[in-house]
Amino acid sequence: EILRALGGQLNPEAVTRMAVEAIAQFAGWSHVGLSLPSEDRQTLTGWFAGQTSVEPRPVFPASGGIVGRALRTGQTQYAPDTALDPDYMPLRSATRSELAVPLKYGGRVLGVLNLESDQPGAFHDDDILLAESLADAVALALDNAHLHQTIANERSQLQALIKSSRDGVILIGANRRILVINDAALHLLGVSSRPEDAVGLHLLNILQRLRRVSTGAAKILVAEMRRFQQGDESPSEGEFENPPHSVHWLNLPVSMGGTSLGRLVVMRDVTEERALEKTRDDLTRTMVHDLRNPLAAISGVLSILQEDISILPEQGQAVEIALDSADRMSSLVNDILDVSRLENKQMPMERKTFALAPLAAEVLK
């Protein structure tokens, strides 16, 4: 009956109160307490069941008392006569004997089950054995409650993080159904829906909507689904246009212990970045065009001077150096365009061998 009463509780405080009430009711002990340590394990608090009611136990130091001794040692502590125990802390003036059993699970002491009696020597071997068995059951229920609470807290934090993220996040299960999606993802896809309405939908349902609002995203989804069907589950990334947005997407596999759990898709709005890149490219082309015209004029004039037979040899040498410098400057201007093409992956690399001697001679000259 005690195990059944604790089985459905997923809150540590509820487990503590229910355990005290159930143990007092079914085990027949008149005074039952259950104390849990604080996070720093400096104080103890919990619930206490008397003959008629269940009440919260006042906070008291974890370093003192028979209960504190059980917490520190992790061993059952029995005081047949509390008047003879130097650690006894009189929380109840009528207590004459006390039994404190640690709640142990996984090598940790989660709390202490405390039994008190108005009679000296009230607890016998059978009582101690039963109390220790009940302490194990309560410890298991408490650990489950703590685990559930930890998972719930982490889930809430993760959901808050995903919801507030400016990036679109979609988690797709192995069955091709959406497990998690946020507002940012729906906005970038152009789908007018709420995240809670999209959760559970199959990718085919999403594909039907995308074909109406974003053909670019729909084509990518079809290509990715075909890739998965062919057994290729490697990461992938790319971009698609969903005016007025330019969206960069990253598709990553999610697995645990070698078992595929699905895919994680992260989408980022790169509209401003692409606009800045276009502005930079336009500026580069304009700058190159504006530099080429005066350089062409300089080179043309120098070429005419070089062909003038009336200039002296020293003057001809100076004109030749100036013409070479103008050609180098023209080459640098063209290199600016080449760098832009390389960044945009519009220019293939050409590898060729060359002699170092002529290059060194040109630099020296």
Side-chain angles (χ1 to χ4, degrees), residues 160-172 180-193 195 198 206-207 209-225 227 234-252 263-302 322-352 363:
L161 180 63
I162 293 175
K163 185 176 181 179
S164 62
S165 174
R166 296 179 59 185
D167 294 340
V169 178
I170 307 176
L171 180 61
I172 304 169
V180 176
I181 191 170
N182 63 355
D183 286 313
L186 293 171
H187 176 68
L188 293 175
L189 292 173
V191 177
S192 57
S193 178
I206 298 297
L207 179 60
R209 298 187 184 186
L210 288 179
R211 282 173 172 165
R212 295 193 297 266
V213 296
S214 177
T215 55
K219 290 179 181 178
I220 290 174
L221 179 57
V222 170
E224 288 294 289
M225 292 177 67
R227 187 168 69 91
S234 60
S236 58
E237 64 178 315
E239 289 189 13
F240 66 87
E241 296 292 329
N242 185 20
H245 301 290
S246 297
V247 182
H248 180 273
W249 57 270
L250 181 64
N251 186 351
L252 300 170
R263 311 290 299 190
L264 175 65
V265 180
V266 180
M267 296 182 292
R268 173 165 294 180
D269 189 349
V270 293
T271 307
E272 293 184 2
E273 296 175 26
R274 298 298 172 262
L276 288 173
E277 290 175 1
K278 184 178 183 303
T279 301
R280 186 192 63 180
D281 292 341
D282 292 343
L283 178 62
T284 300
R285 283 190 289 268
T286 302
M287 179 184 65
V288 169
H289 179 269
D290 291 345
L291 287 175
R292 273 177 171 174
N293 289 336
L295 281 174
I298 292 172
S299 297
V301 172
L302 290 172
L323 187 58
D324 288 343
S325 296
D327 290 341
R328 277 202 307 274
M329 186 175 291
S330 180
S331 178
L332 289 174
V333 171
N334 290 329
D335 287 344
I336 295 175
L337 269 184
D338 290 342
V339 169
S340 179
R341 293 193 188 103
L342 283 171
E343 289 179 344
N344 294 325
K345 300 180 181 180
Q346 296 176 350
M347 179 176 158
M349 295 290 291
E350 294 184 10
R351 299 175 182 270
K352 61 174 65 176
V363 172

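Counting begins at 1 with the first residue of the sequence.
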Inter-residue atom distance M225.CE - R227.CZ, 0.5 Å rounding: 12.5 Å
Donor-acceptor pair, side chain of T215 and main chain of R211, under 3.5 angstrom: no
Distance-minimising heavy-atom pair for A185 and V169: CB-N, 3.8 Å
For the student: nearest non-hydrogen atoms of S165 and A184, plus distance: O-CB, 3.8 Å
L189 backbone acceptor or donor facing N242 side chain under 3.5 Å: yes
Positive for side chain to side chain contact (heavy atoms under 4.5 Å, CB included) with D167, one of L188, D269, V266, L250: V266
Among V247, L221, L210, the one residue meeting side chain to side chain contact (heavy atoms under 4.5 Å, CB included) with F240: V247
Residues in side chain to side chain contact (heavy atoms under 4.5 Å, CB included) contact with E241, at least two apart in sequence or another chain: S246
N182 side chain to I162 backbone, donor-acceptor under 3.5 Å: yes
Separation between CD of E237 and CH2 of W249, rounded to the nearest 0.5 Å: 8.0 Å
Flag side-chain contact, heavy atom, 4.5 Å: L186 against P195: yes
Rounded distance [0.5 Å steps], CG in L295 versus OG in S299: 6.0 Å
Verdict with reasoning, R209 to S192, per side chain to side chain contact (heavy atoms under 4.5 Å, CB included): CA-CA 9 Å; R209 298 187 184 186; S192 57; over 6 Å; no
From CD1 (I220) to CG (L207), nearest 0.5 Å: 12.0 Å
Side-chain donor/acceptor of T279 to backbone N/O of A275, under 3.5 Å: yes
Evaluation steps, side chain to side chain contact (heavy atoms under 4.5 Å, CB included), between L252 and R263: CA-CA 6 Å; L252 300 170; R263 311 290 299 190; 5.8 Å; no
Atom CZ of R274 with >12 non-hydrogen neighbours under 6.0 angstrom: yes
Under 3.5 Å side-chain donor-acceptor pair for E224 and N251: yes
Closest contact, heavy atoms only, A326 versus I298: CB-CG2, 4.3 Å
Working for side chain to side chain contact (heavy atoms under 4.5 Å, CB included), residues I336 and T284: CA-CA 8 Å; I336 295 175; T284 300; 3.5 Å; yes
Residues in side chain to side chain contact (heavy atoms under 4.5 Å, CB included) contact with N334, at least two apart in sequence or another chain: R292, S330
Intermediate values then yes/no, side chain to side chain contact (heavy atoms under 4.5 Å, CB included), E273 and H248: CA-CA 11 Å; E273 296 175 26; H248 180 273; over 6 Å; no
Side-chain heavy atoms of H245 within contact of H187, under 4.5 Å: yes
Exam field: side chain S164 to backbone A160, donor-acceptor pair closer than 3.5 Å: yes
Contact list for residues 280-289, test salt bridge (Lys or Arg N to Asp or Glu O under 4.0 Å), sequence neighbours left out: K278-D282, R280-E343, D282-R285
